[in-house]
Amino acid sequence: MNMLDAEFVKGFMRTAEDGWLQGWHERNGGNLSYRVKPEEVESVREELSPGEWRPIGAAVPRLAGEYFLVTGSGKYFRNVTIKPEDSFCLIELDGEGENYRICWGLVNGGRPTSELPTHLMNHEVKLAAAGGKHRVIYHAHPANIIALTFALPPTSEAFTRELWEMATECPVVFPDGIGVVPWMVPGGREIAVATSELMKEYDVAVWAHHGLFCSGEDFDLTFGLMHTVEKSAEILVKLRSMQPYKRQTIRPDDFRDLAKDFKVELPERYLYEKND
Ligand code: 2HA
Ligand code: ZN
C-alpha cells in the first residue's frame, strides 16, 4: 500500500494539520510521534528503504525493533499535509533500542524531531505503565497553557486543580492530573528523563515557559486531551483577565460527586481547601 493511503499515516497527518489550525505550531514548533502496529508496518513494507543507523541519544531497550512515525527536526506542522515526504519519517529502532534508521520520508534530508529522546522515553514508560495501549506522544506550544506557567505555582497540584475547575469535563478527561516540568533546556536527555518520570503517573506534562506533552492510545484521544487542557487554560486566562477572583467555582465536594457519577478516581491531593 502507498504510505500516504495508509490509515495510520492519514491519522498522523490529520493530527498535525488540526494542531496547525489551532495555532499551536508556529514555525517548526511542536512534534508528533506514533508507535506503529506490526500489521501497519507490514501493510507498507514495500514502500520502505532503510538508511544508515544513527544514535537516538538515549537508550530505550523496551522499544527495540519498534517502528515510529515522527515529525522531522526543523520541519513545520504547516507542511505535513502539503509535503508529507519532506516533513516526517518512519523510523525503525535497532535490537538494543539505541539506534534508529529512517525507512521512509525526510526525502530532502534531515533527522527526526530534536525531541526524539523525550518521545521515545515517554513511549517506553507508557508501554510499561498503560498496558501497552498508548501509541501517540504529542508535543505542542498552546499559548494559554504556556501563559499559565508564568502565573501559577509550577506544581501538579496547582495546575491540575485550576484546570479541573475551569471545565466540568476536565477531571473526567484527565483524572490523574497534570505533571509539571520546571524550565529546562529542551532537546536533550535530561528533559527527556524528567518528562518520562512524570509520564509514569500522568498522561499530560507541562513544560514551563515552553509547551505541553500529551500521551494517548490513538490520535483522537491524544489530540482531544491536548485540546481539552488548552481550552481549560484559555478559560482560566480569560477569567484572570476579567478579574483576579472567582465569584463561584466547582468545589472539592462537587468534584467528589462528579467522581462518583462518572466512575473516576480523583486523588484527594488535588481536592485541597482554598479560598478562591
Ligand atoms: O521545535 O517544539 O521543543 C520543536 C520543538 C522543540
Ligand atoms: Zn517545543
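Indexing begins at 1, ligand by ligand and atom by atom, following the structure's order. Source: prediction; values computed, not measured.
Other residues, nucleotides and ligands place no more than 12 heavy atoms under 6.0 Å from the NZ atom of K83.
Ligand 1 has no N or O atom lying under 3.5 Å from any N or O atom of S114, backbone or side chain. For a threshold of 3.5 Å applied to N or O pairs, the pair formed by E115 and ligand 1 contains at least one separation below that value. Considering backbone and side-chain atoms alike, P186 places every N or O at 3.5 Å or more from each N or O of ligand 1.
Selection from G30, S73, G187 by nearest heavy atom to atom 2 (O) of ligand 1 gives G30.
Closest heavy-atom contact between A205 and T195: CB-CG2, 4.2 Å. In this structure, P112 and V70 approach most closely via the heavy-atom pair CB-CG2, 3.7 Å.
Heavy-atom proximity to H139, at under 4.0 Å, picks out these atoms of ligand 1: 2 (O), 3 (O). The contact set between ligand 1 and N31, taken as ligand atoms under 4.0 Å from a residue heavy atom, comprises 2 (O), 4 (C), 5 (C), 6 (C).
Checking N31, T113, N108, D86 one by one against K75, the side chain to side chain donor-acceptor pair (under 3.5 Å) holds for a single residue, D86. The residue from Y138, F88, Y34 that alone fulfils the ring pair (Phe, Tyr, Trp, His ring centres under 6.0 Å) condition with F12 is F88.
The N, O or S atom of H139 lying closest to the Zn ion (ligand 2) is NE2. Among the heteroatoms counted here (N, O or S) of H210, NE2 is the one nearest to the Zn ion (ligand 2).
In this structure, atom 1 (O) of ligand 1 lies nearest to the protein heavy atom N28 O, 3.0 Å.
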Step by step, work out the side-chain hydrogen bond (donor to acceptor under 3.5 Å, both in side chains) result for Y270 and S156. CA-CA 9 Å; Y270 299 130; S156 171; 3.2 Å; yes
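A salt bridge is defined here as a Lys NZ or Arg NE, NH1 or NH2 lying under 4.0 Å from an Asp or Glu carboxylate O, and E7 with K10 meets this definition.
Not a single heavy atom of R27 sits under 4.0 Å from any atom of ligand 1.
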